[in-house]
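Just so we're clear, the structure is a prediction, and the values are computed from it rather than from any experiment. Whatever order the structure lists them in is the order used to number ligands and atoms, beginning at 1.
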Amino acid sequence: MAKEFDVGKALRDAQTAEFVNIVKEKEAQRAAVQQDLDQAQEKLTEAESELDQIKHEYMQEHITRIGNMVTRVASISGNDNNHDCVTGLLEPLTNSEIQDLIVHSCQMSGEMKRAKELDASTCVSLRLAGLDTALVWTKENRGKAELKRMHMNVREEGKALADRLITNARKGEDKDKEIFDHGQRQNRNRQGKKNIRDRPGRRRLQEVPSDDDYLDDDFPHDSDEDYYDEDESNFDAEDGEKEESEFDNDDNGNTTEPNLEQEIFERLRESLFSQPREALLQRSKEIIDGIKELLKDNKNDQNKVGEAEGEGEEAAAAESETKNPIDPAAYNMVKATLEEREAAIERGYDYAISAVALLNSLIEATPDQDQLRKDLLSLAVGTIVHGELSAVHVWEMLQAILPEFHENVAVEKEKTCATSPWVASCPPHAIFREGVSFPPQQVLQAAQALCTTPTFTQEKAQACAADADRELPTVMPNGYYGYDVVEPREENDIFGKLSSEWNAPFDESIQSKLDEMDEKIRTLRDEKKKIEDSIRDIDDLVEGAKESKFGRDGELYALKDQCFSVKAGKYSYEGCVFGNAAQKEGNAKSGTSLGKWNGVEFDEETGQRILKWTGGVKCWNGPQRSATAYVTCGAETKVLLADEPDTCRYVLQMESHIACDDTFKELHEL
Ligand code: MAN
């Protein structure tokens, strides 16, 4: 024992002396490392503000550029000689006409396939247009939203806006998830429609012809109520219903509180622009019901034929052969096409309702009339650009919005399968506002091109042929009931050209500067983190030494992160100093955790060091596993024995030089 003690004590003395030096050294380093940290922080702050500056400049440049473009496009005094750019598009319009243009632009872009893919029920193009002019809206709720005018020079606002603009410029519009999440997804239309159709005395826009003027008299107005019954029952299963119900009619059938959204919707669907949409929805319902019925009958007939053949009753078979054969595939195709158009129209309404809500909040928040006018111009151009609308779309909208054109539209009294409110506007003509010809030349030219496209009129004829005698159509051409499926503009469209200028490719020098700064900041952050880690190590050591974390004399420091193990029965037990303890079966690499390091204690009576691990894997019907090692003096560090005196409580017997101190010497009278 004396020999073991001497060897152990010599090693222990050397190591504890070394520990004192290490602690001193680290303590001395502390100030210098702190300085490194301060410097790293300074560099990082500098780089971050440099990055902010670049972003800020980009933002300012972007917003100024967009502002100039809007002025050029909107004003009549623009450069007329350049046929590649639209000018005079908005100045002749009143504020409310511009608002209508924005709303219907949203409606049209909502009807596009892209809107379906985005799955947003907020007018994405209007919100993107807002970003381009420092306007941001809060989430919409029940037809309301709040406008936030971002002040570029208020630090956080400017930063947020710049980041959004740059994200969009880098990744393209489809990536701005935040915007898409700003709408509600409660299938408001279905619910709204049901309520609206039930409600007596609905409000009308004055200049709009009534349904009765517009729609074919054969339409079943009276059965309107059950128009959406099917959807109603679907809706029951969806989560939006409860939320919506407080605005529903109460038990007596009285409307308790007006639903703003519903009102907006009501006005929208009665606008002249929505008339072909409403007409198609009505006719579509009729056709889909008819097709369902027809296909059902047809199936029954076929079954009868089957039975008849089976039973050999030739008379019955012969009878059903005399009926007109029908083509279920064709009818199913018509049905699918109509359902697609219905869904598109509903999405369009979603977008348009959103646009009204956003514009209402803009008007509310902008008492300054000059500012409001400026905002409306930017938003109108931006919504058309971001919404992928074409010159023909703009022309169509203007036909519905400007009273001067209503005469054309109203001429079409006899509403048929081939009716389009815009068809009567061919050939397109200009009007005069404040002595200026309107709409701009390029828009008129696009309309002219459409009017002279043979398919434009041919399609209508085809649609009418299909609808002859009000039988169920077997083809569903575009333009049926005046509704043209809304497709994104072609690239060579005048607004396509505007769009490529608007969404100018992210300047390469800015792009590379941003990338460079990002990389620099990343490196600086890594450096800073490394310094922080080393400060934490120093503090752990210095503080740990003071708190005897490494034993009374720091003797445990030399064993830091070393593991010791022993075999006992079918298990082996392992304890790591400042690490974990585990029980392993056979030669398994991993095993059952017996706990994490929980410190060292000194037993005055025995002179032993007590190492503790706690919080191991929970024992079935018992405590969490834990391990305790009793270390007594020995020349070599090793585990002698392991035992489980109580279930899941493990005890190790160890020897190590760390326990070869004066207490041990005295106790054993060495
Ligand atoms: C395992 C081992 C034993 C322990 C039992 C408790 O078999 O960890 O040491 O006693 O579980 O169920």
**Report entry** Residues in contact with ligand 1, criterion: heavy atom under 4.0 Å
**Finding:** Y571, Q583, C619, R625, E644, T647, C648, Y650
Query raised in the report: With sequence neighbours left out, what residues match F564 under ring pair (Phe, Tyr, Trp, His ring centres under 6.0 Å)?
Result: none
Requested in this report: Assess whether atom CD of E61 is packed by more than 12 heavy atoms of other residues, nucleotides or ligands within 6.0 Å.
Outcome: yes
**Report entry** salt bridge (charged side-chain N to carboxylate O under 4.0 Å, His left out) assessment of K665 paired with D662
**Finding:** CA-CA 5 Å; K665 187 179 177 185; D662 291 340; 5.4 Å; no
Query - All side-chain contact (heavy atoms from CB on, under 4.5 Å) counterparts of Q29, not counting sequence neighbours - result: K26, V33, I538
Query raised in the report: Is there a donor-acceptor contact under 3.5 Å linking the side chains of T122 and S354?
Result: yes
Query - For V7, all residues meeting side-chain contact (heavy atoms from CB on, under 4.5 Å), sequence neighbours excluded - result: A635
